[in-house]
Peer 1: 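Provided herewith is a single structure, encoded as structure tokens, for subsequent inquiry.
Treat the numbers as computed from the prediction; the structure is a model and nothing was measured. Start at 1 and go down the list; that is how both ligands and their atoms are numbered. Position 1 is the first residue of the sequence, and the numbers go up from there.
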Amino acid sequence: MLSFSLRGAILALAMASTSALAADHEVKMLNQGKDGMMTFEPAFLAVAPGDSVTFLPTDAAHNTHSVLSPTEGASWNGSMGEKVTVTLNQEGVYLYQCDPHLPLGMVGVIQVGKATNLEDANKHAEGMNTSIAMNKERLKQYLDQVQ
Ligand SMILES: [Cu+2]
């Protein structure tokens, strides 16, 4: 009896510490942010594997759509104005965009743990830049923060 309840207590403790370690980060989708018009804020995030990120439709008419992930299946595609929470278990660099505002440079970068696919991410960013008309410098600025 004693050992049974002890085991339960240890299990409860282990579960509590797991949830305490995984953090949730918030990214706002904005018409006007510190980087100018049509931005994610913060547009660069470094998080730990297992953390989650919540995209908040603070202003209307934006979405979040991942366009590069370190592995297949670790992607998301939100509808317009949708609040999206993603749990990021796969290490690497993630690139995402707001579909209607890609031409205005509404893009973001998330680094999860080690930047295992940084070369791929930089290459993919070059391709994205051909679709960006304004604020072209943002994507590179965000990627430059990857460590
Ligand atoms: Cu947008």
Side-chain angles (χ1 to χ4, degrees), residues 8-147:
I10 288 166
L11 201 73
L13 223 119
M15 283 168 75
S17 68
T18 302
S19 63
L21 282 172
D24 183 57
H25 308 264
E26 290 187 341
V27 174
K28 290 175 184 161
M29 305 192 252
L30 296 171
N31 295 343
Q32 180 71 51
K34 64 176 175 56
D35 293 341
M37 283 172 66
M38 309 304 174
T39 59
F40 292 100
E41 199 168 294
F44 172 77
L45 264 184
V47 309
D51 281 3
S52 58
V53 175
T54 297
F55 296 91
L56 296 168
T58 309
D59 292 328
H62 302 287
N63 78 325
T64 175
H65 180 191
S66 66
V67 291
L68 178 104
S69 303
T71 54
E72 257 180 75
S75 60
W76 63 91
N77 189 1
S79 306
M80 296 298 293
E82 188 189 357
K83 178 180 169 181
V84 173
T85 298
V86 291
T87 301
L88 302 169
N89 295 312
Q90 302 298 325
E91 282 198 311
V93 177
Y94 296 68
L95 306 179
Y96 63 92
Q97 67 190 32
C98 168
D99 293 323
H101 297 130
L102 174 63
L104 302 181
M106 187 164 175
V107 295
V109 176
I110 302 173
Q111 176 183 358
V112 180
K114 292 193 199 94
T116 51
N117 61 335
L118 183 56
E119 209 174 307
D120 280 355
N122 281 322
K123 236 178 258 172
H124 193 87
E126 280 176 37
M128 286 172 76
N129 259 327
T130 64
S131 303
I132 300 175
M134 287 175 67
N135 306 307
K136 264 183 187 294
E137 71 288 349
R138 283 184 188 160
L139 188 49
K140 188 182 182 315
Q141 282 172 4
Y142 302 152
L143 272 167
D144 282 349
Q145 295 177 61
V146 173
Q147 290 182 334

Peer 1: Indicate whether any N or O donor in one side chain lies under 3.5 Å from an N or O acceptor in the other, for T85 and T54.
Peer 2: yes

Peer 1: Which atom, counting only N, O or S, brings H101 closest to the Cu ion (ligand 1)?
Peer 2: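 Of the nitrogen, oxygen and sulfur atoms in H101, the Cu ion (ligand 1) lies nearest to ND1.
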
Peer 1: Is there side-chain contact between D35 and Y142, with at least one heavy-atom pair below 4.5 Å?
Peer 2: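 Heavy-atom side-chain distance check passes, below 4.5 Å.
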
Peer 1: Of all N, O or S atoms in H62, identify the one at the shortest distance from the Cu ion (ligand 1).
Peer 2: ND1

Peer 1: Could you check whether any side-chain heavy atom of M80 comes within less than 4.5 Å of a side-chain heavy atom of P100, counting everything from C-beta outward?
Peer 2: yes

Peer 1: Within less than 2.8 Å of the Cu ion (ligand 1), any N, O or S from M38?
Peer 2: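 So M38 does not count as coordinating the Cu ion (ligand 1).
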
Peer 1: Heavy-atom distance under 4.5 Å between the side chains of V112 and D51, does that happen here?
Peer 2: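 Not in contact.
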
